Amino acid sequence: MTYDVVVLGAGAAGLMAAASAGQKGASVLVLDHGPEPGRKILISGGGRCNFTHLETGPNCFISQNKHFARSALARYTPRDFVKLVDHYRIAWHEKSKGQLFCDGSARQIVDMLISECQAADCEARMQTRILDVRSDGNGFVVQTDAGDVQARSVILATGGLSIPKLGASDLSLRIAKSFGLKIVPTAPALVPLVLADADPSLAGVSLNVVATTGKKGPRFEDGMVFTHRGVSGPAILQISSYLEAGKSAQIDLLPGKDALKMLLEIKQARPKALPPSLLDALPSRLAKELVVDLGDTMLANQPDKKLRALADRLSRWEISPSGTEGYAKAEVMRGGIDTSGLSSQTMEARDVPGLYAIGEAVDVTGWLGGHNFQWAWSSGVAAGQAA
Ligand code: FDA
């Protein structure tokens, strides 16, 4: 039999594409090498799946073409996904502005997607190794360890490289490349940063910060936590996606405050106090580290020059990561299949009719907060309806 659509990857994007293709009457087969569908969904959002962000838009994504995601996101929106979630009576809540999570468990989202696929008569074969895909004139032959499968269209949806222990692989990138598509260099993103001078005694200290890559760069105000090897937390994960190797980020440890003004006021108000009391606004373990250079001299005798240097460090702590925690800890992969070779309406390869690429395998990387799943749903629907 020749399937109308063969979807490679039973993850977020692949299941959504399969259900959409099946709903319009296509015969659909989903292939995956893992033991069960949607394994990344199951571990997402701390087990509660941050399944969308109500305020998503192309500006919440990193891509060589910053407009590429616009069309798919506009045609299948966060509200459309919420409608589906509501239809399945899955209770959800808005955790912080725009970020929607299940009240119960991420399993509900996977079960919902499986139900959608079953209702659309999609077939699925798990634990199937995909060896290669080639074109045969009329369509495609997908070679697997269980034999060849014929397809009129193939949707590449095997995701990115993060979390190899959950079966992440570069399959979609390799197949895309074999069909002449370009690949934007890949790197771990939404990933903790490693600092050569990390102080393990600070591990676990957390605070609110603003992380930037400079005046014109993106700006994320959110939590940061010190780790044994560097820094993590939402603000750091967000900025990590923008950091090329060797580049630095600036961290404002006192967001919204004029650090110098604050230090000078404290000096004046409490002249006999010792340096750590300058930083009552920060966690005490961190405050102690930051004022080491001021010694045990009371505030009245601290030269303003030293306070100015401390204020600079507080409002513009420059970090130059020696690396990241890599794909083992990264939430997503940056880069991937170059969007210049794909239609932004349908995700079909411009020069290879019938070949589609969706989800994280494509060079569209979302911010933290549900944007990556929304891209998986939107690109999945776009390809599923067109294939
Ligand atoms: P996805 O990775 O979901 O699916 C790919 C599928 O392809 C998998 O089933 C895999 O087994 C299969 N596959 C891979 N290689 C194969 C091969 N060689 N042969 C056959 N099959 C193969 N995003 C978000 O918006 N909100 C959130 O809360 C979170 N939370 C989160 C937590 C953690 C710990 C991680 C690692 C990631 C997140 N994400 C997230 C990101 C989100 O999980 C991710 O962007 C989407 O799952 C991407 O969907 P895809 O369908 O593209 O890939």
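In listed order, ligands and their atoms are each counted from 1. On a predicted model such as this, the values are computed, not experimentally measured, just so you know.
With hydrogens and angles left out, the side-chain atoms of N65 and S63 include no donor and acceptor closer than 3.5 Å. Side-chain atoms of Y76 and Q385 form no donor-acceptor pair, as typed in the model, at a separation below 3.5 Å. Between the side chains of T339 and D363, no donor-acceptor pair of N or O atoms lies under 3.5 Å. For the 3.5 Å distance criterion, the side chains of E348 and S343 fail to qualify, holding no donor opposite an acceptor. Donor-acceptor pairing under 3.5 Å is recorded for the side chains of T77 and D80.
Under 4.0 Å from ligand 1, the heavy atoms of V332 that appear belong solely to its side chain. Contacts with ligand 1 closer than 4.0 Å are made by side-chain heavy atoms of L171 only, the backbone lying farther away. Residue P37 does not touch ligand 1, judged by heavy-atom distances below 4.0 Å.
Ligand-side atoms of ligand 1 in range of N372: 23 (N), 25 (O), 45 (O), range being under 4.0 angstrom from any heavy atom. The atoms of ligand 1 that sit less than 4.0 Å from any heavy atom of G9 are 6 (C), 7 (O). Near G167, with a cut-off below 4.0 Å to any heavy atom, the atoms of ligand 1 are 14 (C), 15 (N). In the vicinity of I43, heavy-atom distances shorter than 4.0 Å reach the ligand 1 atoms 34 (C). Per-residue contacts place G359 under 4.0 angstrom from the following atoms of ligand 1 (heavy atoms of the residue considered): 52 (O). Heavy-atom contacts of N50 reach the following atoms of ligand 1: 24 (C), 25 (O), 26 (N), 27 (C), 28 (O) (cutoff under 4.0 Å).
For CD of E318, the number of neighbouring non-hydrogen atoms (other residues, nucleotides, ligands) closer than 6.0 Å is greater than 12. Annotation for R316: atom CZ does not count as buried by contact number, only 12 or fewer foreign heavy atoms lying within 6.0 Å. Shown here is R129, whose CZ atom has no more than 12 heavy atoms of other residues, nucleotides or ligands within 6.0 Å. More than 12 heavy atoms of other residues, nucleotides or ligands sit less than 6.0 Å from atom CG of D136. Other residues, nucleotides and ligands contribute only 12 or fewer heavy atoms inside 6.0 Å of the NZ atom of K182. Atom CG of D296 sits in a sparse spot, with 12 or fewer heavy atoms from other residues, nucleotides or ligands closer than 6.0 Å.
The protein heavy atom nearest to atom 38 (C) of ligand 1 is E331 CG, 3.4 Å. Nearest non-hydrogen protein atom to atom 1 (P) of ligand 1 is G11 CA, 4.1 Å. Scanning the protein heavy atoms around atom 53 (O) of ligand 1, the nearest turns out to be G159 CA, 3.4 Å. Closest to atom 29 (C) of ligand 1, if we only count protein heavy atoms, is S44 CB, 3.6 Å. In terms of protein heavy-atom proximity, atom 52 (O) of ligand 1 is nearest to E360 N, 2.8 Å. Nearest to atom 36 (C) of ligand 1 among the protein's heavy atoms is I163 CG1, 3.3 Å. For atom 18 (N) of ligand 1, the closest non-hydrogen atom on the protein side is S169 OG, 2.9 Å. Taking atom 3 (O) of ligand 1 as the reference point, the nearest protein heavy-atom neighbour is A12 N, 3.4 Å.
Between F373 and ligand 1, at least one pair of N/O atoms sits closer than 3.5 Å. The N/O atoms of I130, backbone and side chain alike, include none that comes under 3.5 Å of an N/O atom in ligand 1. Residue contacts with ligand 1: H33 is placed with a nitrogen or oxygen under 3.5 Å of a nitrogen or oxygen of the ligand (distance criterion only). Checked by distance only, ligand 1 and A330 stay at 3.5 Å or farther apart across all their nitrogen or oxygen atoms. Distances between N or O atoms of G34 and those of ligand 1 include no value under 3.5 Å. Polar contact check, Q374 against ligand 1: no nitrogen or oxygen pair lies under 3.5 Å apart. Looking at T128 next to ligand 1, no N or O pair under 3.5 Å apart turns up.
When the options T158, D32, L156 are ranked by their closest heavy atom to atom 12 (C) of ligand 1, first place goes to D32.
The only member of L254, L310, D304, D258 that meets side-chain contact (heavy atoms from CB on, under 4.5 Å) when paired with L263 is L310.
Remark: distances from the non-hydrogen atoms of R39 to ligand 1 are all 4.0 Å or more.
Between V30 and R125 the shortest side-chain heavy-atom distance does not fall below 4.5 Å.
At distances below 3.5 Å, at least one donor-acceptor pair connects side-chain atoms of R350 with backbone N or O atoms of L342.
Taking the six-membered ring for Trp and the full ring otherwise, F220 and W367 have centroids separated by under 6.0 Å.
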